[in-house]
Amino acid sequence: MLDSVTHSTFLPNTSFCDPLMSWTDLFGTEEYYPGFEHQTTCDSYWTSVPPEYWTKRHVWEWLQFCCDQYKLDINSISFCHFNISGLQLCSMSQEEFVDAAGICGEYLYFILQNIRTQAPDSSCLKTGSIKNQESHSHSRSSLQSSHLWEFVRDLLLSPEENCGILEWEDREQGIFRVVKSEALAKMWGQRKKNDRMTYEKLSRALRYYYKTGILERVDRRLVYKFGKNAHGWQEDKL
DNA sequence: AGTAACTTTCCTGATT
DNA sequence: CAATCAGGAAAGTTAC
(Lines give C-alpha, C1' and ligand atoms only; values in the text may rest on other atoms or scores of the structure.)
Protein backbone atom coordinates (compact mmCIF):
# COMPACT_ATOMS: atom_id res chain seq x y z
CA MET A 1 0.00 0.00 0.00
CA LEU A 2 2.69 2.39 0.94
CA ASP A 3 5.41 0.93 -1.18
CA SER A 4 5.77 4.13 -3.10
CA VAL A 5 6.30 6.06 0.09
CA THR A 6 9.56 5.67 1.82
CA HIS A 7 10.18 6.99 5.23
CA SER A 8 12.84 9.26 3.90
CA THR A 9 10.11 11.21 2.20
CA PHE A 10 9.19 12.46 5.62
CA LEU A 11 12.55 13.00 7.19
CA PRO A 12 12.79 16.19 9.18
CA ASN A 13 14.99 17.89 6.65
CA THR A 14 12.28 17.50 4.06
CA SER A 15 10.82 20.88 3.49
CA PHE A 16 7.13 21.28 3.93
CA CYS A 17 7.52 24.89 3.08
CA ASP A 18 7.61 24.17 -0.57
CA PRO A 19 7.78 27.65 -2.03
CA LEU A 20 5.87 26.46 -5.05
CA MET A 21 2.87 25.43 -3.01
CA SER A 22 0.36 28.07 -2.23
CA TRP A 23 -2.33 28.25 0.37
CA THR A 24 -4.85 28.73 -2.38
CA ASP A 25 -3.68 25.59 -4.07
CA LEU A 26 -4.26 23.60 -0.97
CA PHE A 27 -7.35 25.10 0.41
CA GLY A 28 -9.15 26.75 -2.42
CA THR A 29 -10.32 30.28 -2.63
CA GLU A 30 -10.73 32.69 0.19
CA GLU A 31 -14.46 32.40 -0.06
CA TYR A 32 -14.37 29.44 2.25
CA TYR A 33 -12.00 31.03 4.65
CA PRO A 34 -12.82 34.67 4.92
CA GLY A 35 -10.62 34.99 7.97
CA PHE A 36 -7.40 34.08 6.26
CA GLU A 37 -7.08 35.73 2.93
CA HIS A 38 -8.42 38.78 1.27
CA GLN A 39 -6.97 38.70 -2.21
CA THR A 40 -8.87 36.92 -4.91
CA THR A 41 -5.92 35.19 -6.50
CA CYS A 42 -3.69 35.14 -3.51
CA ASP A 43 -0.52 33.12 -3.65
CA SER A 44 0.47 33.22 -0.06
CA TYR A 45 1.53 29.93 1.35
CA TRP A 46 -0.28 27.58 3.57
CA THR A 47 2.57 27.48 5.99
CA SER A 48 1.78 31.06 6.78
CA VAL A 49 -1.25 29.80 8.64
CA PRO A 50 -0.35 27.46 11.48
CA PRO A 51 -2.42 24.27 11.65
CA GLU A 52 -3.82 25.44 14.98
CA TYR A 53 -5.93 27.91 13.03
CA TRP A 54 -7.20 25.53 10.40
CA THR A 55 -10.90 24.94 10.06
CA LYS A 56 -12.48 21.54 9.64
CA ARG A 57 -12.44 22.14 5.94
CA HIS A 58 -8.73 22.90 6.04
CA VAL A 59 -8.10 19.66 7.87
CA TRP A 60 -10.04 17.75 5.30
CA GLU A 61 -8.25 19.45 2.41
CA TRP A 62 -4.94 18.74 4.06
CA LEU A 63 -5.73 15.04 4.30
CA GLN A 64 -6.64 15.01 0.65
CA PHE A 65 -3.50 16.86 -0.23
CA CYS A 66 -1.36 14.39 1.68
CA CYS A 67 -3.01 11.48 -0.08
CA ASP A 68 -2.45 13.06 -3.46
CA GLN A 69 1.05 14.26 -2.78
CA TYR A 70 2.46 11.30 -0.90
CA LYS A 71 0.38 8.57 -2.51
CA LEU A 72 -1.21 7.54 0.74
CA ASP A 73 -4.13 5.18 0.58
CA ILE A 74 -7.13 7.37 1.16
CA ASN A 75 -9.27 4.34 1.90
CA SER A 76 -7.33 3.58 5.04
CA ILE A 77 -8.21 6.93 6.55
CA SER A 78 -11.26 7.18 8.73
CA PHE A 79 -12.45 10.61 7.82
CA CYS A 80 -14.98 10.78 10.61
CA HIS A 81 -12.04 10.85 13.02
CA PHE A 82 -10.83 13.94 11.26
CA ASN A 83 -14.02 15.93 11.31
CA ILE A 84 -12.27 18.31 13.64
CA SER A 85 -10.68 21.72 13.72
CA GLY A 86 -6.99 22.34 13.30
CA LEU A 87 -6.65 22.98 16.99
CA GLN A 88 -8.10 19.58 17.78
CA LEU A 89 -5.93 18.04 15.11
CA CYS A 90 -2.84 19.45 16.73
CA SER A 91 -3.82 18.02 20.07
CA MET A 92 -4.02 14.50 18.67
CA SER A 93 -1.31 12.10 19.74
CA GLN A 94 0.53 9.86 17.35
CA GLU A 95 -1.47 6.93 18.71
CA GLU A 96 -4.69 8.70 17.90
CA PHE A 97 -3.47 9.28 14.36
CA VAL A 98 -2.69 5.61 14.00
CA ASP A 99 -6.12 4.71 15.37
CA ALA A 100 -7.74 7.00 12.84
CA ALA A 101 -5.64 6.18 9.82
CA GLY A 102 -3.56 3.10 10.44
CA ILE A 103 -0.07 3.20 9.02
CA CYS A 104 -0.95 6.38 7.12
CA GLY A 105 -1.63 7.93 10.50
CA GLU A 106 2.03 7.72 11.34
CA TYR A 107 2.96 9.62 8.22
CA LEU A 108 0.19 12.14 8.64
CA TYR A 109 1.28 12.75 12.20
CA PHE A 110 4.82 13.24 11.10
CA ILE A 111 3.85 15.59 8.28
CA LEU A 112 1.72 17.64 10.62
CA GLN A 113 4.51 18.00 13.15
CA ASN A 114 6.77 19.22 10.38
CA ILE A 115 4.27 21.80 9.34
CA ARG A 116 3.80 22.89 12.92
CA THR A 117 7.47 23.42 13.50
CA GLN A 118 7.97 25.11 10.18
CA ALA A 119 4.90 27.29 10.02
CA PRO A 120 6.24 29.77 12.67
CA ASP A 121 9.71 29.41 11.25
CA SER A 122 10.93 32.78 10.11
CA SER A 123 12.36 31.55 6.83
CA CYS A 124 9.00 30.14 5.89
CA LEU A 125 7.17 33.20 6.94
CA LYS A 126 9.63 35.28 5.01
CA THR A 127 9.07 33.41 1.80
CA GLY A 128 5.50 32.57 2.46
CA SER A 129 4.04 35.67 3.92
CA ILE A 130 1.18 37.49 2.36
CA LYS A 131 3.36 40.53 1.94
CA ASN A 132 5.66 38.65 -0.37
CA GLN A 133 3.02 37.07 -2.45
CA GLU A 134 3.67 39.25 -5.44
CA SER A 135 7.10 37.81 -6.02
CA HIS A 136 5.60 34.34 -5.91
CA SER A 137 2.93 35.15 -8.41
CA HIS A 138 5.68 35.23 -10.98
CA SER A 139 7.11 31.92 -9.95
CA ARG A 140 5.83 28.59 -11.04
CA SER A 141 2.61 27.83 -9.31
CA SER A 142 1.50 24.37 -8.34
CA LEU A 143 -1.84 25.32 -9.78
CA GLN A 144 -0.22 24.20 -12.97
CA SER A 145 0.83 20.92 -11.52
CA SER A 146 -2.62 19.91 -10.48
CA HIS A 147 -3.84 17.12 -12.69
CA LEU A 148 -6.88 17.52 -14.85
CA TRP A 149 -8.90 14.85 -13.11
CA GLU A 150 -8.16 16.41 -9.72
CA PHE A 151 -9.23 19.76 -11.07
CA VAL A 152 -12.48 18.22 -12.28
CA ARG A 153 -12.98 16.42 -8.99
CA ASP A 154 -12.37 19.53 -6.93
CA LEU A 155 -14.69 21.54 -9.10
CA LEU A 156 -17.34 18.91 -8.61
CA LEU A 157 -16.84 19.12 -4.87
CA SER A 158 -16.97 22.90 -4.61
CA PRO A 159 -20.34 24.21 -5.72
CA GLU A 160 -19.23 27.79 -5.15
CA GLU A 161 -16.70 27.59 -7.96
CA ASN A 162 -18.61 25.11 -10.02
CA CYS A 163 -21.32 27.51 -11.22
CA GLY A 164 -23.25 24.65 -12.75
CA ILE A 165 -20.40 23.65 -15.01
CA LEU A 166 -20.36 20.10 -13.71
CA GLU A 167 -23.02 18.14 -11.92
CA TRP A 168 -23.37 14.73 -10.38
CA GLU A 169 -25.41 12.24 -12.28
CA ASP A 170 -24.95 9.50 -9.73
CA ARG A 171 -23.13 10.65 -6.64
CA GLU A 172 -22.51 7.18 -5.20
CA GLN A 173 -21.14 5.73 -8.40
CA GLY A 174 -19.08 8.78 -9.23
CA ILE A 175 -20.88 9.51 -12.46
CA PHE A 176 -20.95 13.14 -13.46
CA ARG A 177 -21.97 15.27 -16.37
CA VAL A 178 -20.20 18.14 -18.03
CA VAL A 179 -22.98 20.69 -18.27
CA LYS A 180 -21.06 23.63 -19.71
CA SER A 181 -18.30 22.16 -21.79
CA GLU A 182 -16.83 25.37 -23.09
CA ALA A 183 -16.88 26.95 -19.63
CA LEU A 184 -15.06 23.94 -18.27
CA ALA A 185 -12.43 24.24 -20.96
CA LYS A 186 -12.06 27.93 -20.29
CA MET A 187 -11.62 27.34 -16.59
CA TRP A 188 -9.08 24.61 -17.15
CA GLY A 189 -7.27 26.82 -19.61
CA GLN A 190 -7.27 29.57 -17.05
CA ARG A 191 -5.65 27.31 -14.53
CA LYS A 192 -3.05 26.21 -17.00
CA LYS A 193 -2.65 29.72 -18.33
CA ASN A 194 -3.61 28.53 -21.75
CA ASP A 195 -6.28 30.51 -23.50
CA ARG A 196 -6.31 28.11 -26.44
CA MET A 197 -7.88 25.32 -24.45
CA THR A 198 -11.08 23.88 -25.87
CA TYR A 199 -13.42 21.15 -24.78
CA GLU A 200 -12.25 19.11 -27.74
CA LYS A 201 -8.72 19.06 -26.40
CA LEU A 202 -9.73 18.72 -22.79
CA SER A 203 -11.89 15.74 -23.60
CA ARG A 204 -8.98 14.08 -25.36
CA ALA A 205 -7.03 14.33 -22.12
CA LEU A 206 -9.99 12.88 -20.23
CA ARG A 207 -10.12 9.98 -22.65
CA TYR A 208 -6.54 9.11 -21.81
CA TYR A 209 -7.72 8.52 -18.23
CA TYR A 210 -9.72 5.51 -19.37
CA LYS A 211 -6.45 3.73 -19.87
CA THR A 212 -5.25 4.37 -16.35
CA GLY A 213 -8.49 3.69 -14.52
CA ILE A 214 -8.88 7.24 -13.32
CA LEU A 215 -12.05 7.49 -15.38
CA GLU A 216 -14.37 4.89 -16.82
CA ARG A 217 -16.23 5.21 -20.02
CA VAL A 218 -19.91 6.02 -19.85
CA ASP A 219 -21.81 5.59 -23.03
CA ARG A 220 -23.43 8.97 -22.92
CA ARG A 221 -22.42 12.32 -24.26
CA LEU A 222 -20.58 14.55 -21.82
CA VAL A 223 -20.89 11.99 -19.05
CA TYR A 224 -17.91 10.50 -17.24
CA LYS A 225 -17.38 8.23 -14.28
CA PHE A 226 -14.57 8.11 -11.78
CA GLY A 227 -12.65 4.87 -12.00
CA LYS A 228 -11.08 2.76 -9.31
CA ASN A 229 -7.85 4.68 -9.44
CA ALA A 230 -9.49 8.02 -8.75
CA HIS A 231 -9.83 8.99 -5.14
CA GLY A 232 -11.15 11.78 -3.02
CA TRP A 233 -14.54 12.06 -4.66
CA GLN A 234 -16.58 9.69 -2.56
CA GLU A 235 -19.09 11.35 -0.30
CA ASP A 236 -18.86 8.92 2.58
CA LYS A 237 -15.12 9.25 2.62
CA LEU A 238 -15.11 13.01 2.88
C1' DA B 1 20.41 15.89 -17.61
C1' DG B 2 17.28 12.09 -18.71
C1' DT B 3 13.08 9.84 -18.40
C1' DA B 4 8.38 8.82 -17.67
C1' DA B 5 3.95 10.56 -16.97
C1' DC B 6 0.80 13.77 -18.25
C1' DT B 7 -1.19 17.24 -21.38
C1' DT B 8 -1.81 19.67 -25.65
C1' DT B 9 -2.42 19.87 -30.42
C1' DC B 10 -4.01 18.04 -34.61
C1' DC B 11 -6.30 14.77 -37.28
C1' DT B 12 -9.55 11.30 -39.48
C1' DG B 13 -13.61 9.18 -39.09
C1' DA B 14 -17.86 7.69 -36.53
C1' DT B 15 -21.97 8.88 -33.89
C1' DT B 16 -25.68 11.62 -31.90
C1' DC C 1 -25.31 20.68 -39.52
C1' DA C 2 -22.80 21.18 -35.09
C1' DA C 3 -21.17 18.96 -31.20
C1' DT C 4 -19.20 15.07 -29.30
C1' DC C 5 -16.68 10.71 -29.15
C1' DA C 6 -12.56 7.63 -30.32
C1' DG C 7 -8.05 7.13 -30.51
C1' DG C 8 -3.44 7.52 -33.16
C1' DA C 9 0.50 10.36 -33.58
C1' DA C 10 3.60 13.60 -32.14
C1' DA C 11 5.13 17.56 -29.66
C1' DG C 12 5.22 20.09 -25.39
C1' DT C 13 5.41 20.22 -20.24
C1' DT C 14 6.20 18.75 -15.62
C1' DA C 15 7.82 15.83 -11.93
C1' DC C 16 11.23 13.22 -10.13
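Naming convention: chains lettered A, B, ... in sequence-line order (proteins, then strands); numbering from 1 in each chain. Computation of the quantities below employed the complete heavy-atom set of this structure, encompassing side-chain atoms and omitting hydrogens, waters and symmetry-equivalent molecules. Only a predicted model underlies this, so the values are computations on that prediction, with no experimental measurement involved.
- Proximity of A:Ser181 to the phosphate of C:dA3: no side-chain N or O atom is located under 4.0 Å from OP1 or OP2.
- The separation between A:Arg196 atom CZ and B:dT8 atom P is 10 Å, rounded to whole Å.
- The residues A:Arg220 and A:Glu169 are annotated as salt-bridged, a charged nitrogen and a carboxylate oxygen being separated by less than 4.0 angstrom.
- Contact annotation: A:Trp188 side-chain N/O to B:dT8 OP1/OP2 distance is under 4.0 Å.
- To the nearest angstrom, C1' of C:dA3 lies 15 Å from CG of A:Leu202.
- Here the C1' atom of nucleotide B:dC6 and the CD atom of A:Glu150 are 11 Å apart, to the nearest Å.
- When atom types are taken as modelled, the side chain of A:Thr198 and the backbone of A:Lys201 share a donor-acceptor pair closer than 3.5 angstrom.
- When rounded to the nearest whole Å, the span between CD1 of A:Ile214 and C1' of B:dC6 equals 11 Å.
- For the pair A:Tyr210 OH and B:dC6 C1', the interatomic distance rounds to 17 Å; values are reported in whole Å.
- In this structure, A:Asn194 reaches the B:dT9 phosphate: one of its side-chain N or O atoms is under 4.0 Å from OP1 or OP2.
- Rounded to whole Å, the distance from CD on A:Glu182 to C1' on C:dA3 is 9 Å.
- Toward the 5' end of DNA chain C, the nearer of the two residues A:Tyr208 and A:Ser203, judged by each one's closest nucleotide, is A:Ser203.
- Checking the phosphate oxygens (OP1, OP2) of B:dT7, no side-chain nitrogen or oxygen of A:Lys192 falls inside 4.0 Å.
- Of the possible polar contacts, one joining the A:Gln88 side chain to the A:Ser85 backbone as a donor-acceptor pair under 3.5 Å is found.
- A heavy-atom distance below 4.5 Å is found between the side chains of A:Arg171 and A:Trp233.
- Under the 3.5 Å distance criterion, the side-chain polar atoms of A:Glu106 are left unmatched by any main-chain donor or acceptor of A:Ile103.
- Closest to the side chain of A:Arg217, out of B:dT7, C:dA6, C:dC5, is C:dA6.
- Between the side chain of A:Lys186 and the main chain of A:Asp195, no donor-acceptor pair closer than 3.5 Å is present.
- Closest of all the heavy-atom pairs between A:Tyr224 and A:Ser203 is OH-CB, 3.7 Å.
- Nucleotides of DNA chain B nearest to A:Thr198 and A:Thr212 differ in position, and the one nearer the 5' end is that of A:Thr212.
- Residue A:Tyr209 places no side-chain atom within donor-acceptor reach of the base of C:dA6, judged by atom type and a 3.5 Å distance cut-off alone.
- In this structure, the CD atom of A:Glu216 is 17 Å from the C1' atom of C:dC5, given to the nearest Å.
- When the P atom of C:dG7 is taken as reference, atom CG of A:Leu206 falls 14 Å away, rounded to whole Å.
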>> Within the 4.0 Å limit for protein heavy atoms, which parts of nucleotides 10-16 of chain B are touched? Write it as a string from 5' to 3', B for base, S for sugar-phosphate only, - for none.
In response: B----BB
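- When the side-chain nitrogen and oxygen atoms of A:Tyr224 are compared with OP1 and OP2 of C:dC5, one or more of them lie within a distance under 4.0 Å.
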